[in-house]
Amino acid sequence: MLQHYEDRASDLINGVLEELGYERQELQLRPIPFSGSWGTSLASFPLASKIVAAEHAEEFEGLSKKELKKRQSGLVREKSLELADAIAERLNGGVIGQNGASAISRAESVNGYVNLFFDTSTVATDVLRTAIDQGADYGRGTQRADKVMVEFSQPNTHKAFHIGHTRNAALGNALANITEFAGFETIRANYWGDIGMHVIQCLWCYQSFHKDRRITRKLRGRRLGEYYTEAVQRLNYRKDVLGLLHELAEDDALFVEKIDAIVTEMYREDGVCGEDVAYLLGQIANHREIDEDKLFEPMSVPMLLKYVGPQLKEELAFVREHGPQEAPPPTSRTANVRYPPPVVTIENTTERIARWKRLNATPEWWPEVPEWQQQIKDTFQAWERKDEELVALWEETRQWSIDEFHRIYDELGIRFDVEFSESEVEEEGRQIVYDLVDRGIAEMSDGMPVVDIDKALGLEDKYRTLPLLRSDGTTLYSTKDLELTRRKFEDFDIDRSIWVIDNRQGFYLQQIFKIMELWGFDQAEKCFHLGYEFVTLPEGMMSSRHGITVLYEDAMKAMRKRALEIIEEKNPDGRLSDEKKEDIAGQVAVGSILYLMLSRDNNTQIAFDMEEALSFQGHAAPYIQYAHARACRILERAGELPDGPVEFVDLQPEEIDLIQKIAEFPEEVTQAATEYRPLVIADYVFELARLFNDFYADFDARPILNADEPARSMRLTLVAATRQTLENGLALLSVPAPTVM
RNA sequence: GCCCCCGUAGUUCAGAGGAUAGAACGCCGGCCUUCUAAGCCGGAUGUCGCAGGUUCGAAUCCUGCCGGGGGUACCA
């Protein structure tokens, strides 16, 4: 909100420039970047550079590039110092203060910069009064004409909600909060992934293996997620077992070394047929893949699997003692397998033991796999012909998931104005595809409709080709997205639509937008993809297939528990009721998970570390929430805020920095909204809290409640303005602002 | 192969072409009989991946290379 003062400073400087015989110009003013200095500054280099170029044009001609640079840079430096001196001198020599009381108190020239200092009393009064008087609206932008839709979250039903989904939800929600606060009418949209192969797999697993199990209402959503994971694991059982064995053959030198002994024992103990033993030995010893069709006995591979675990455990002990073991140099057969050269380490062996444990728990799955795969195909067929029983089951279970998601959104303080779902746009999407084919925009290729976008646009290798239906006529994600896009603009009369989706879908979304454009949908250019990188775990990529995930529910539970422990520890005196403590713990946990997701740039991957998430110190939500609670406490103790005009004199550097930060809030909101970056606000509230703690910490230098007037009123006003700004900033992130902690 | 993203302190990350590149975590040492110690103060740590270029001025913009991740027609 200092724009007004910066404009004033610009005017003053331009006036001086005119007096000095230069033209008025658009000046780039920036805050003085030093702690305790409050004002705005002008770098005189650009102007000096122009002047030097004009004055020395002749001299510069014919110089070599290097000489020119050297000469120029010296001259510009000299000129800028001179210029800054001249400007500052004239400003101080009468310009400042000419028109009665000015908000600029004095000027200074240093290193080629002209610094104009604000009259702290005038500007501080303005800033703090504005923040307090505008209250929850402090920082709000003026109402704009544009209507924006933010689509986010898009969870798949029948799957678990994990912390990766939380990043999307946190990001989209904060973005919607911010665009709304910045003045754009905002529609929050969700899009359920309620049909598709994952649903079929989940339903198959439920029907085949868990139909009679009683599930409590509370656990329904969670169980569905588990069934999906189980389905994937059952269906991929053979692939996963062979995958593990192949990996070992490929780069586990210790394992390959021992394979002879292992198969020999297996032959003796389990009586596996000799041909299979010989085959397995040959493949592994030569670092080759195992082809299940070449085996005679159905259970040979699971038999071998049994021996893998003990061997890996021995290797782990060995590696612990002797350090990582390198794989043998590649032979001609294996030369192209991988890069970098594989090594047996504690990490990969530990990871492999975990995989082995899971696989070895269910060897009886091995012979069942082909049959299951057929069942899945049948289930999909049943879905396509709208089999009544299956559809009824789908409707019921779909609701279980949606109920679960709504509970999570409620907990996180996230809401939606409209909920789309894949199932509802499927048919209309198909119609759009037919229309695209009719108009010759889509063509048939390999039995399915596709759009060769590059061909249509006369480009090469840019947008490539996107299929719009499977060759068996079933719909794809793309089929549905076409209708979804149409519906957004035509049913909701929006001017812009933002898709908050994982970066991995960036290319795909560009294809969709282009196809809409080819279809003649003008608003295609109003579609934006806001991408972000995924959340990983310390042990690598999250994968529901391998059971490597952290569920939202589990993370939340752990954080809530930890928060409660700290609250108990800090409030032993019974001042807070148990209910209140639970409430605060929830606010801390919710705030922490949201802040964690929002305090990193969209383009960086977040490695979710539970340990780190549970450390409520430093750069995390509780730090900011704590500052807010502190401010609340002070204000509560103070009773009434000073009523009349408050004098802001003798401000200390800590106070000036804090006021300056408060003043920056509206601009930060604008920036976050234009750049679609909640991170700007996340950083801002942390900085604000930090400056507040700085201000608060030194009791001797800056008492608040016990201070004499006018300092007491001044500091109380400052505390109130800080609290309000913290609250407004946190609200944009949906991070709760507890009044007591 | 082509396209996108990332590379900054031991670690996790900020960093509107501008002044002395900042936080947090971790480590060491201090501060609770006074407004909440989830806090504050002090100490150490940087070839801003490498090489060129643009510019008066580059962590920031451009080009190339190296390293990591992702994408690249019937997954979403």
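Chain letters run A, B, ... following the sequence lines, proteins first, then strands; residues in each count from 1.
For G18(B), the OP1/OP2 oxygens have a side-chain nitrogen or oxygen of Arg30(A) closer than 4.0 Å. At the phosphate of A73(B), neither OP1 nor OP2 sits under 4.0 Å from any side-chain N or O atom of Thr465(A). Contact between the side-chain N/O atoms of Gln505(A) and the OP1/OP2 oxygens of A76(B) is not found at any separation under 4.0 Å. At U72(B), none of the side-chain N or O atoms of Arg464(A) fall inside 4.0 Å of OP1 or OP2 (strictly under the cut-off).
Taking the six-membered ring where tryptophan is involved, the planes of Phe686(A) and Tyr623(A) are tilted, since the angle between them lies from 30° to 60°. Classification of the His162(A)-His165(A) ring pair by plane angle, with boundaries at 30° and 60°, yields tilted.
Atom CG of Asn111(A) is separated from atom P of G18(B) by 16 Å (rounded to the nearest Å). Atoms NE2 (His162(A)) and P (A76(B)) sit 16 Å apart, rounded to a whole Å. Here A37(B) presents its P atom at 17 Å from CD of Gln625(A), a figure rounded to the nearest Å.
Rounded to the nearest Å, the gap between the C1' atom of G17(B) and that of A23(B) is 23 Å. Here, G22(B) and A14(B) have their C1' atoms 7 Å apart, quoted to the whole Å. The gap from the P atom of G46(B) to that of A9(B) amounts to 10 Å, rounded to the nearest Å. Between G49(B) and U8(B), the two C1' atoms lie 10 Å apart (nearest whole Å). Between the P atoms of G30(B) and G68(B), the separation comes to 45 Å (whole Å). Taking the C1' atoms as reference points, A59(B) lies 16 Å from U55(B), given to the whole Å. Atom P of A44(B) sits at a distance of 33 Å from the matching atom of G52(B), rounded to the whole Å. The gap from the C1' atom of G64(B) to that of U20(B) amounts to 33 Å, rounded to the nearest Å.
Closest contact between the side chain of Gln617(A) and the listed nucleotides C25(B), A19(B), C74(B) involves C25(B). Here the side chain of Pro467(A) is nearest to one of G39(B), C74(B), G1(B), namely C74(B). The side chain of Leu476(A) lies closest to C74(B) when the candidates are G15(B), C56(B), C74(B). Nearest to the side-chain atoms of Asp446(A) among the listed nucleotides C74(B), C40(B), G71(B) stands C74(B). Listed nucleotides C41(B), A76(B), A19(B) differ in distance to Pro33(A); the shortest reach to its side chain belongs to A19(B). Closest to the side chain of Ser445(A), from the set A19(B), A73(B), G18(B), is A73(B).
Phe692(A) and His628(A) have their aromatic ring centers separated by at least 6.0 angstrom.
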Do nucleotides 28-35 of chain B as a string where each nucleotide becomes B, S or -: B if the base has a protein heavy atom under 4.0 Å, S if just the sugar-phosphate does, - if no protein is that close.
-> ------BB
Which letter, B, S or -, goes with each nucleotide of nucleotides 5-11 of chain B from 5' to 3', with contact meaning a protein heavy atom under 4.0 Å?
-> SS-----
Dot-bracket for RNA chain B, 5' to 3', Watson-Crick and G-U pairs with both distances under 3.5 Å, [ ] for crossing pairs, | for partner on another strand, reads (((((((..((((....[...)))).(((((.......))))).....(((((..]....))))))))))))....
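One N or O donor and one acceptor, one from the side chain of Tyr626(A) and one from the base of U36(B), sit under 3.5 Å apart. With hydrogens and angles left out, the side chain of Ser599(A) and the base of A14(B) share no donor-acceptor pair within 3.5 Å.
Just one of Phe528(A), Trp499(A), Tyr463(A) meets the side chain to side chain contact (heavy atoms under 4.5 Å, CB included) condition when paired with Phe513(A); it is Trp499(A). Just one of Val500(A), Asn503(A), Leu530(A) meets the side chain to side chain contact (heavy atoms under 4.5 Å, CB included) condition when paired with Asn602(A); it is Leu530(A).
Using a cut-off of 4.0 Å between Lys/Arg side-chain N and Asp/Glu carboxylate O, Glu483(A) and Arg430(A) are scored as not salt-bridged. Salt bridge Arg504(A)/Asp502(A): present, at least one basic N to carboxylate O contact under 4.0 Å. A salt bridge is absent between Arg702(A) and Glu655(A): the closest approach of a Lys/Arg side-chain nitrogen to an acidic carboxylate oxygen does not fall below 4.0 angstrom. Salt-bridge check for Lys70(A) with Glu67(A): failed, with every basic side-chain N at 4.0 Å or more from each acidic carboxylate O.
Heavy-atom minimum distance, Arg167(A) versus Asp601(A): NH2-O, 3.0 Å. Nearest heavy atom pair, residue Ser153(A) against residue Asn190(A), reads CB-OD1, 3.7 Å. Val199(A) and Asp194(A) get closest at one heavy-atom pair: CG2-O, 3.6 Å.
Annotation: side chain of Asp683(A) is not in contact with side chain of Glu668(A) (no heavy-atom distance under 4.5 Å).
Among the atoms of the strands shown, base atoms are found under 4.0 Å from some heavy atom of Ala629(A). Among the heavy atoms of the strands, none lies under 4.0 Å from Leu468(A). Looking at heavy-atom distances under 4.0 Å, Phe686(A) makes contact with sugar-phosphate atoms alone, never a base.
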